[in-house]
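Structure first, commentary second.
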Protein chains: 2
Amino acid sequence: MPTPPDYPQMLRGAELRVTRPRVAVLGAVHAHPHADTESIIGAVREDLPEVSHQAVYDSLHTLAAAGLVRRIQPAGSVARYEARIGDNHHHLVCRSCGTVADVDCAVGAAPCLHASDDHGFTIDEAEVVFWGLCPACSPTRS
Amino acid sequence: MPTPPDYPQMLRGAELRVTRPRVAVLGAVHAHPHADTESIIGAVREDLPEVSHQAVYDSLHTLAAAGLVRRIQPAGSVARYEARIGDNHHHLVCRSCGTVADVDCAVGAAPCLHASDDHGFTIDEAEVVFWGLCPACSPTRS
DNA sequence: CGCTTTTCTTGAACGAGTCAAGAAACGGTA
DNA sequence: TACCGTTTCTTGACTCGTTCAAGAAAAGCG
């Protein structure tokens with residue numbers, strides 16, 4: 001079994017100052033994958049009841065910039081965050097309720113990572129979003 | 001050479017009422033691919049100076065629901081619209097300036113359209129976004 | 001322990017998009 | 001062509017996720 005994540009050490013490894021809000025935010029993102037900012041604020045306040053929403057916004061931006069969390073924002077949704085990073089996975093998004101689920105990359109390592117014509121762009125990431133209806137929102141047909 | 005698009009006829013074909021705002025919005029989306037709502041409002045007002053922003057919002061929603069235009073919204077961007085639909089193409093987005101370019105699907109018809117594990121979702125679309133820097137924003141290295 | 005820099009608190013502000021009520025326009029029918 | 005019911009547009013207020021800004025607190029170095 002893997003060792004539980006050492007959030008302060010992860011912050012130091014990214015050359016970030018270790019602050020109580022950042023540790024709590026990092027923990028909340030690990031505990032609640034795909035949570036939006038408001039949910040993360042709620043989770044963080046279970047540990048630190050006094051944190052400001054701005055501290056959470058700042059921490060999320062900092063952690064995302066450092067690569068410790070990933071920010072995703074499906075069209076029509078608020079920002080969501082996840083701690084699973086660097087493994088090239090993609091997302092399923094429910095058009096009805098907005099639920100997000102992870103999917104491993106379909107064709108292995110880096111399938112759709114090459115555009116047929118890059119128009120001179122320097123591409124660093126390919127994001128794949130599968131749109132549909134989750135089991136709870138699918139019309140049950142008998 | 002293809003015949004120029006007959007916007008009123010396209011609206012009727014989708015069983016939508018033909019109104020001057022809708023025709024102008026449809027034309028603006030065709031003329032300005034990937035334009036955001038504000039740009040579309042500006043373009044529409046060249047023909048109809050008095051249209052309200054709400055009429056443009058409503059028209060865009062209606063046209064998108066009817067499948068005559070497609071709404072795209074890369075993370076961190078406002079909503080953008082395009083008239084190229086039904087051909088399974090994807091997008092290049094510049095992280096710096098937000099420019100959007102079209103790319104044909106890399107592996108032909110429907111490459112990444114199948115998730116490795118659909119988690120019970122009913123998937124109807126796979127959206128691929130390539131992130132990077134456009135030629136204008138790329139650091140020129142000599 | 002004290003100092004400098006970064007981060008957090010507080011509170012206001014921004015802006016894309018939505019909501020709601022009444023006026024106008026579409027298009028089927030007489 | 002005129003009428004009528006329904007849809008759409010105008011007007012203006014409003015929501016809410018997110019950002020901005022100034023000063024207070026705290027991280028981490030010497």
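Just so we're on the same page: letters track the sequence lines, and every chain starts at 1.
End-to-end axis angle of the helix from C:dC1-D:dG30 to C:dA30-D:dT1, using five pairs per end and rounding to 10°, comes to 30°.
Distance from the side chain of B:Gln54 is smallest to D:dT11 among D:dT11, C:dT10, C:dC8. Nearest to the side chain of A:Gln73, among C:dC8, D:dT18, D:dT8, sits D:dT18. Taking every side-chain heavy atom of A:His53 into account, C:dA12 is the closest of D:dT10, C:dA12, D:dA13. Of the listed nucleotides (D:dT6, C:dT6, D:dG17), D:dT6 has the atom at the smallest distance from the side chain of B:Arg17. When the nucleotides C:dG17, C:dT9, D:dG17 are ranked by their closest atom to the side chain of B:Val78, C:dG17 comes out on top. Distance from the side chain of A:Ser52 is smallest for C:dT10 among the nucleotides C:dT10, D:dT18, D:dG28.
Salt bridge status for A:Arg84 with A:Asp104: present, with a side-chain N to carboxylate O gap under 4.0 Å.
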*Check step by step if side chain to side chain contact (heavy atoms under 4.5 Å, CB included) holds for A:His91 and B:Glu127.*
CA-CA 10 Å; A:His91 294 111; B:Glu127 179 185 13; over 6 Å; no

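B:Val29 is listed as a side-chain neighbour of B:Ile40, based on a closest heavy-atom distance under 4.5 Å. Side-chain contact between B:Thr62 and B:Arg22 is present, with heavy atoms from C-beta onward closer than 4.5 Å.
Ring geometry, A:His30 versus A:Tyr7: the interplanar angle falls from 30° to 60°, so the pair is classed tilted.
Legend: residues meeting side chain to side chain donor-acceptor pair (under 3.5 Å) with A:Arg95, ordered by chain and number and at least two apart, are B:Asp124, B:Glu125.
As a whole-Å value, the separation of A:Leu48 CG from C:dT9 P is 9 Å. Residue A:Asp36 contributes atom CG, which lies 12 Å from atom C1' of D:dC16 at whole-angstrom precision. A straight line from CG of A:Asp58 to P of C:dG11 spans 17 Å, rounded to a whole angstrom.
Ranked by how close their nearest DNA chain C nucleotide is to the 5' end, B:His61 and B:Leu16 are led by B:His61.
Across all strands shown, A:Arg20 has no heavy atoms under 4.0 Å from either base or sugar-phosphate atoms. A:Thr19 comes within 4.0 angstrom of sugar-phosphate atoms only, judged by non-hydrogen atoms across all strands, and of no base. When heavy atoms are screened at a 4.0 angstrom cut-off, B:Thr37 is found touching the sugar-phosphate backbone but no base atom.
The phosphate of D:dT8 (OP1 or OP2) has a side-chain N or O of B:Arg22 nearer than 4.0 angstrom.
A:Gln73 places a side-chain N or O within 3.5 Å of a backbone atom of B:Gly76 that can act as its donor or acceptor partner.
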